[in-house]
Structures are given as C-alpha cells and as structure tokens.
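Inspection log for the structure reproduced underneath, given as structure tokens.
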Amino acid sequence: METDHVEKRNAAIKKLLLVISCILLSIGTAGGPLVMRLYFIHGGKRVWLSSWLETGGWPITFIPLVMAYYHRRKTEGASTKIIFMKLPLFIASAVIGVLTGLDDYLYAYGVARLPVSTSALIIAGQLAFTALFAFILVKQKFTSFSINAVVLLTIGAAVLGLNTSSDRPEGESNKEYIAGFFMTVAAAALYGFVLPLIELTYKKAKQTITYALVLEIQLVMCLFATLFCTVGMFIDNDFKVIPREARNFGLGETSYYVVLVFSAIVWQGFFLGAVGVIFCASSLFSGILIAVLLPVTEVLAVIFYHEKFQAVKGVSLALSLWGFVSYFYGEIKHSKQEEKGKQAEISEKKKETPEATQVPQQLEP
C-alpha cells in the first residue's frame, strides 16, 4: 500500500512538472522569436549577441536547483547531496552545450535576415529532423496518430513558407535573404538532432535521472553554449559596439537593455521547458509542442508587428491544431490501453493469491 502511495505521488509530481515545463516552453517558443526580432527591427545588428542571449540567462537555473536542494534537505537531512552530476554526464552535457551554442548562432542569423513568419521553415524542418533522430537515437515508437501529427504539423508549417518571398524585409539583398534561409534550415536540422540527443543522454547516463539532475544538465549545457557564443562576441567585437548600439536603438537606450534582459529570461524559460518536457515525456513530444505553438507566434507577429495574415497562415493554423489534437488523442488512447493492461495484471495476481492459500487449507485434517 505504501509503495502504491509513493508511486501515485511520484506520478502526480511528474505530471505537475510536465505542465510547468509545457508552460515555460510555450512562453519561450512564442515569445523568444518575437523579442529577438524586436531587437533587429529597431536597429540591432549583432548576431553573436543575439545568440548569446538565447542561453545567457543560465544563472536563472540556480533558482529551481536551490529550491530542489532545500526540499531534499527537509526529508534527507544535512547529508543530502548538493551535486549529482558525474564526470561522464558533465562531458556529454558540455558537448551538447557547444552544439546548442552553434545552433543559437545559426538561428539568430536566420531571424536577423528573415521575417517572423519565415520561422515556420525552422519549425517544419525541426519537427521532421526531431522525428527522424528520435527514431534513430532513442528508438522512438510511432503510432498512426503520432505519424499523422508529424505530417500535419510539418505540412502546416511548410505552407507558411510558400508566402515568405512577399515578406522579404526592405533593403535586404537576395544574397542575404538566401543566406538567412539556409542558416535557418541548418538551425532546424541541428536542434532536431539536439533534442533526441538530450533524451539519449538521459537513457545512457549510468546514474538515476532525477529532475534535480536534469536541471544540472541544463545548467552545464547553457553555460557551455554561452561560452561558445562569448568567444564569437569577442571575435566580432560585440562588447565594444553594445554601448553605441544602445544609444542608437530605435526604442531608446533604456529599452535596448530591457529588450536584452527580457530576451535572456524568455529564452531560458524555453530551454528549461524543453529539457523538462523531454524528462517527463519525450523529445518527440517536445518537438510537436514547439511546432504547434508556431501559429501562436504568427498571430502575435500580426498583432505586434502588423504582419499580414494571409489565407495560407489560416490554413497553417488549422493544420497545426489538427495535428496537435491528433497527437493528444493518440496519447490518451495509448494511456488508457496501458491502464487497462495494468488493471488486468493486478486482477490476475489477486486471483492467483487466494488459490495459493486455499491449497494447504484443503490438505489440513
């Protein structure tokens, strides 16, 4: 009975963590590109700085880590561990962090050259690559519902790409636009590889993966991604240019720094949400959630940046919502089947137990 109670409590905590992670991922996915684009629209030009901001908020991770530590200390006492991560996991997290830093640069370069609506191409490629690498690296099982969701979400995002040429920013050369396009696709492919790689790291780690350890992994990843981008900022002389760029920023000098700080916070929420969803669910679910939030970003871009909402964007919205519903219907159906299987096993065990106790009773005189 006590074991069942602990299992139910752990399941409830995991569901709560999944909900919180989904909220953080949603805010980061919808808000991150908009804040980054705001920087470029009003005169920002530093790509390495923008990429640095994507993971530069890594110290925020110390907040949930400290909370988790004090929670453990209440139950385990003063002997509780402060750090769980072992050296092999630290090295793996550092490597993934460097890859994330490279992906940050590719993504920031694309956002600097392309309108927000073109971010559809990122999501379209990312979801396809996430599904592919999840199948290769972590043997992700696909159902007809998850395959249907991947196809619908990919098509829905790709449809938006049909109208991107009319959204080309003024004064941008064809060469710059094409470069931004290919950098965006490269960023999609790389992050589509990173998500299943994180899940593989969880599975291959020779230690128990707890949420506290997941936060430590996230901290190391973002730290090394930030160090990677810091080197790029030094090479590109970004630190020297920042004060001058702030003075010339379209919204004012104070607003410039507010945008930078807010960008770092929002993007950190994105990464915390992503690793949390992978821990509680899977990398494929993380990719699908990112994809389904694309229409939200589109609508916000229309509201705040007055971008045109053409018919193709309406089609994309419908396809994305259809795919999202399809995935969750499949997950609910699968969870019900698993629950029925568990109940059947329990009932079988209950039937076997009385029979085993009745046999010696019949042998007694």
Side-chain angles (χ1 to χ4, degrees), residues 28 32-61 90-114 118-119 121-122 125-126 169 172-173 175-195 197-198 217-249 256-272 274-275:
L34 293 172
V35 179
M36 182 179 285
R37 188 60 187 163
L38 180 68
Y39 164 78
F40 288 112
I41 287 174
H42 292 283
K45 299 183 184 298
R46 316 312 296 180
V47 175
W48 276 113
L49 172 60
S50 294
S51 60
W52 187 92
L53 291 171
E54 290 183 58
T55 52
W58 60 268
I60 295 172
T61 311
F90 175 83
I91 294 170
S93 302
V95 172
I96 296 173
V98 173
L99 291 175
T100 303
L102 176 59
D103 184 73
D104 289 344
Y105 176 77
L106 295 173
Y107 181 79
Y109 190 97
V111 173
R113 300 291 184 272
L114 305 175
T118 314
S119 63
L121 295 173
I122 299 173
Q126 182 178 311
E172 189 172 284
S173 67
K175 185 179 179 181
E176 289 175 329
Y177 188 86
I178 292 173
F181 175 86
F182 282 108
M183 285 289 205
T184 303
V185 174
L190 184 55
Y191 201 65
F193 173 70
V194 166
L195 286 176
L197 189 60
I198 295 171
I217 293 170
Q218 168 65 14
L219 182 67
V220 174
M221 282 170 47
C222 285
L223 173 61
F224 276 85
T226 305
L227 290 173
F228 178 86
C229 294
T230 302
V231 173
M233 288 181 69
F234 273 115
I235 294 172
D236 210 29
N237 292 319
D238 280 14
F239 290 103
K240 293 180 180 178
V241 177
I242 287 174
R244 184 175 71 246
E245 191 174 69
R247 289 192 296 271
N248 298 326
F249 193 62
Y256 175 84
Y257 292 108
V258 170
V259 169
L260 297 190
V261 172
F262 193 68
S263 180
I265 293 171
V266 171
W267 279 118
Q268 194 58 36
F270 168 84
F271 283 108
L272 282 171
V275 296

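Computed from a prediction, not measured in an experiment: that's the story for all the values here.
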* To do: Scan side-chain atoms only and decide if Tyr256 and Glu245 contain a donor-acceptor pair under the 3.5 Å cut-off.
  =>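 Yes - a donor-acceptor pair under 3.5 Å links their side chains.
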* Asked: Just by distance, with hydrogens left out, do Gln268 and Thr55 show a side-chain donor and acceptor under 3.5 Å apart?
  ->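 Distance-only check fails for Gln268 and Thr55.
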Nearest non-hydrogen partners of [X] and [Y], listed with the distance:
X: Leu106; Y: Leu190; answer: CD1-CD2, 4.3 Å
X: Gly101; Y: Ala225; answer: N-CB, 3.6 Å
X: Ala108; Y: Met36; answer: CA-SD, 3.9 Å
X: Phe270; Y: Gly28; answer: CB-CA, 3.7 Å
X: Val275; Y: Leu272; answer: CG2-O, 3.3 Å

* Asked: What do you reckon, are the aromatic ring centroids of Trp58 and Phe224 less than 6.0 Å apart?
  ->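 They do not qualify: ring centres at least 6.0 Å apart.
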* Asked: Trp52 and Thr226: side-chain hydrogen bond (donor to acceptor under 3.5 Å, both in side chains), yes or no, with the steps?
  -> CA-CA 6 Å; Trp52 187 92; Thr226 305; 5.3 Å; no
Between [X] (side chain) and [Y] (backbone), is there a donor-acceptor pair under 3.5 Å?
X: Arg37; Y: Val111; answer: yes
X: Asn248; Y: Arg244; answer: yes
X: Thr100; Y: Ile96; answer: yes
X: Asp104; Y: Glu54; answer: no
X: Arg46; Y: Asp236; answer: yes

* **Heavy-atom neighbours of Phe182 CZ exceed 12 at 6.0 Å** =>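 Counting other residues, nucleotides and ligands, CZ of Phe182 stays at 12 neighbours or fewer.
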* Count the heavy atoms belonging to other residues, nucleotides or ligands that lie under 6.0 Å from CZ of Phe40, then report whether that count exceeds 12. =>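 Atom CZ in Phe40 is crowded, with more than 12 foreign heavy atoms closer than 6.0 Å.
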* **Pair Phe262-Leu53, side chain to side chain contact (heavy atoms under 4.5 Å, CB included): steps then yes or no** => CA-CA 9 Å; Phe262 193 68; Leu53 291 171; over 6 Å; no
* To do: Show the numbers, then the answer: is there a side chain to side chain contact (heavy atoms under 4.5 Å, CB included) between Tyr39 and Val35?
  => CA-CA 7 Å; Tyr39 164 78; Val35 179; over 6 Å; no
* **Atom pair OG (Ser50) and CG (Leu260), whose distance is rounded to the nearest 0.5 Å** =>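 One finds 8.0 Å between OG of Ser50 and CG of Leu260.
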* To do: Report the distance from atom OG of Ser263 to atom CG of Leu49, rounding to the nearest 0.5 Å.
  =>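 Here the rounded value is 8.5 Å.
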* To do: Give the C-alpha distance, both sets of side-chain angles, the deciding distance and a yes or no for side chain to side chain contact (heavy atoms under 4.5 Å, CB included) between Met221 and Leu99.
  => CA-CA 9 Å; Met221 282 170 47; Leu99 291 175; over 6 Å; no
* Under the criterion ring pair (Phe, Tyr, Trp, His ring centres under 6.0 Å), which of Tyr191, Trp48, Phe228 is the partner of Tyr105? ->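 So the option named by the test is Trp48.
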* Parallel, tilted or perpendicular, as decided by the 30° and 60° cut-offs, for the rings of Trp267 and Phe271 ->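 Phe271 and Trp267: tilted rings.
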* To do: Find out whether Met233 and Ile242 are in side-chain contact, i.e. whether some heavy atom of one side chain is under 4.5 Å from a heavy atom of the other.
  =>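 Yes, at least one pair of side-chain atoms sits under 4.5 Å.
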